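Here is the structure we will look at, set down as structure tokens.
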Amino acid sequence: MVNRQRDLFWNLLEAEHPKAEAFCRRLTGSLADGDDLYQDALLAAMRKFGRLREQTAFRPWLYRIIINTFASKRRGPWWRKRVQLTSEIIETVVGDDPSQTYTAHRWIKLAMESLTAEEQVLITLFEIEGWTISELAVMQGKPEGTIKSRLSRARAKMRTKIARHLGIDNIQKEDLCVAVKRELG
């Protein structure tokens, strides 16, 4: 990478660095694994930076590389045993009672197990990171309707997994208690 390109890469990354690093940690469920994912993704991004056509597309381009790196690592045997659960998810679901935290941890773990890596990414970016449907569509290179459908299917998979665990054959959206995201201020 030429010095000018390297400097441009780091300048573009500077604004996105804290969010992208936190996203990696959320996907992997731990600080160490998230940092490893982020480092691997940055190395891949640096190698491919010359292929980026427009600087304005840096953010979705970077997240696509992170997602692809995550999916590749997840296919490996030790990643299959990992649970993609973060403290931020637990905090949005429960209060201070540790038994509620444990229960929420179990339910979220169970629900997330039903999702593919791509679905986990969509749910995490939309529900936790606050990305809009249009931002996800640009990053994925898909129409907004496709993103909405994929989010809906991912949520349905999560509901079905929980329902089966509870021994319920036919569950409707109205039958579930819904946790509401709190506004981060």
Side-chain angles (χ1 to χ4, degrees), residues 1-89 108-109 111-155 157-158 181 184:
M1 184 181 284
V2 211
N3 284 343
R4 195 176 89 229
Q5 271 193 323
R6 186 189 65 221
D7 291 344
L8 178 59
F9 175 82
W10 290 112
N11 286 337
L12 292 171
L13 179 65
E14 188 174 4
E16 204 55 45
H17 168 71
K19 295 176 207 158
E21 185 178 45
F23 173 64
C24 290
R25 291 172 177 174
R26 285 185 184 109
L27 274 180
T28 61
S30 82
L31 182 71
D33 292 339
D35 288 348
D36 288 346
L37 172 63
Y38 188 58
Q39 184 177 23
D40 291 345
L42 281 184
L43 289 173
M46 287 176 71
R47 282 192 307 269
K48 298 175 184 179
F49 187 65
R51 298 182 203 158
L52 178 65
R53 292 186 183 133
E54 294 182 33
Q55 291 178 17
T56 56
F58 181 78
R59 181 179 186 224
W61 175 82
L62 176 64
Y63 276 80
R64 173 54 44 205
I65 290 173
I66 291 170
I67 291 163
N68 290 342
T69 305
F70 170 69
S72 294
K73 284 183 168 282
R74 190 164 181 257
R75 283 190 283 273
W78 69 274
W79 274 74
R80 288 187 185 175
K81 297 174 186 164
R82 302 289 305 163
V83 175
Q84 278 57 27
L85 181 66
T86 66
S87 59
E88 287 86 3
I89 294 172
I108 292 170
K109 174 185 172 187
M112 292 294 270
E113 285 174 353
S114 68
L115 303 179
T116 65
E118 192 71 23
E119 290 167 334
Q120 287 180 11
V121 165
L122 279 176
I123 290 291
T124 303
L125 284 174
F126 184 74
E127 299 293 347
I128 308 298
E129 298 291 328
W131 283 43
T132 65
I133 297 290
S134 59
E135 288 175 319
L136 290 170
V138 168
M139 182 194 65
Q140 298 262 328
K142 305 285 183 199
E144 289 185 18
T146 301
I147 299 301
K148 290 177 184 177
S149 296
R150 289 180 179 179
L151 282 168
S152 178
R153 281 193 296 271
R155 289 183 192 117
K157 278 182 168 181
M158 294 171 82
K181 291 189 293 186
L184 301 176

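Throughout, residue positions are numbered sequentially from 1 according to the sequence presented. Bear in mind that the values here come from a model prediction, so they are computed numbers and not experimental data. In what follows, every heavy atom counts, from backbone to side chain, and hydrogens, waters and symmetry copies are set aside.
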Legend entry - side chain to side chain contact (heavy atoms under 4.5 Å, CB included) evaluation trace for M112 with T124: CA-CA 10 Å; M112 292 294 270; T124 303; 4.3 Å; yes
Inset, instruction - For the pair I147 and F126, evaluate side chain to side chain contact (heavy atoms under 4.5 Å, CB included) and give the outcome as yes or no after the intermediate values. - result: CA-CA 10 Å; I147 299 301; F126 184 74; over 6 Å; no
Inset, instruction - For side chain to side chain contact (heavy atoms under 4.5 Å, CB included), just list the numbers for R155 and E127, CA-CA rounded to whole Å, side-chain angles, deciding distance to a tenth of an Å, and then say yes or no. - result: CA-CA 11 Å; R155 289 183 192 117; E127 299 293 347; 2.7 Å; yes
Legend entry - side chain to side chain contact (heavy atoms under 4.5 Å, CB included) evaluation trace for L12 with L62: CA-CA 10 Å; L12 292 171; L62 176 64; over 6 Å; no
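Atom CG of L122 is separated from atom CE of M139 by 6.5 Å, given to the nearest 0.5 angstrom. Of the inter-residue distances, the one linking Q140 atom CD with E135 atom CD reads 12.5 Å to the nearest 0.5 angstrom. For the atom pair CG (L136) and NZ (K142), the distance works out to 13.0 Å, reported to the nearest 0.5 Å. Separation of atoms CD1 (I66) and CD (E21) is listed at 10.0 Å; rounding is to 0.5 Å. Going from atom CZ of F70 over to atom CG of D33 covers 10.5 Å, rounded to the nearest 0.5 Å. Interatomic distance, D7 CG to N11 CG, rounded to the nearest 0.5 Å: 6.5 Å.
Residues E144 and S134 come closest through the heavy atom pair OE2-CB, 3.2 Å. Between G34 and C24, the closest heavy-atom pair is O-CB, 3.4 Å. Nearest approach of Q5 to F49, heavy atoms of both residues: O-CE2, 3.4 Å. The two residues A44 and I65 make their nearest non-hydrogen contact at CB-CG2, 3.9 Å. The minimum heavy-atom distance linking A137 with P143 is given by the pair CB-C, 4.2 Å. Pairing each heavy atom of E119 with each of A154, the nearest pair is CB-CB, 4.1 Å.
Electrostatic pairing of R64 and E118 counts as a salt bridge here, judged by a charged N lying under 4.0 Å from a carboxylate O.
The closest side-chain heavy-atom distance from K48 to W61 is below 4.5 Å. Between F9 and L42, some side-chain heavy-atom pair lies under the 4.5 Å cut-off. Residues W10 and H17 form no side-chain contact, since every pair of their non-hydrogen atoms from C-beta on lies 4.5 Å or further apart.
Between the side chain of S152 and the backbone N or O of K148, no donor-acceptor pair lies under 3.5 Å.
Contacts of K19 classified as side chain to side chain contact (heavy atoms under 4.5 Å, CB included), with partners at least two apart in sequence or in another chain: E16, Y63.
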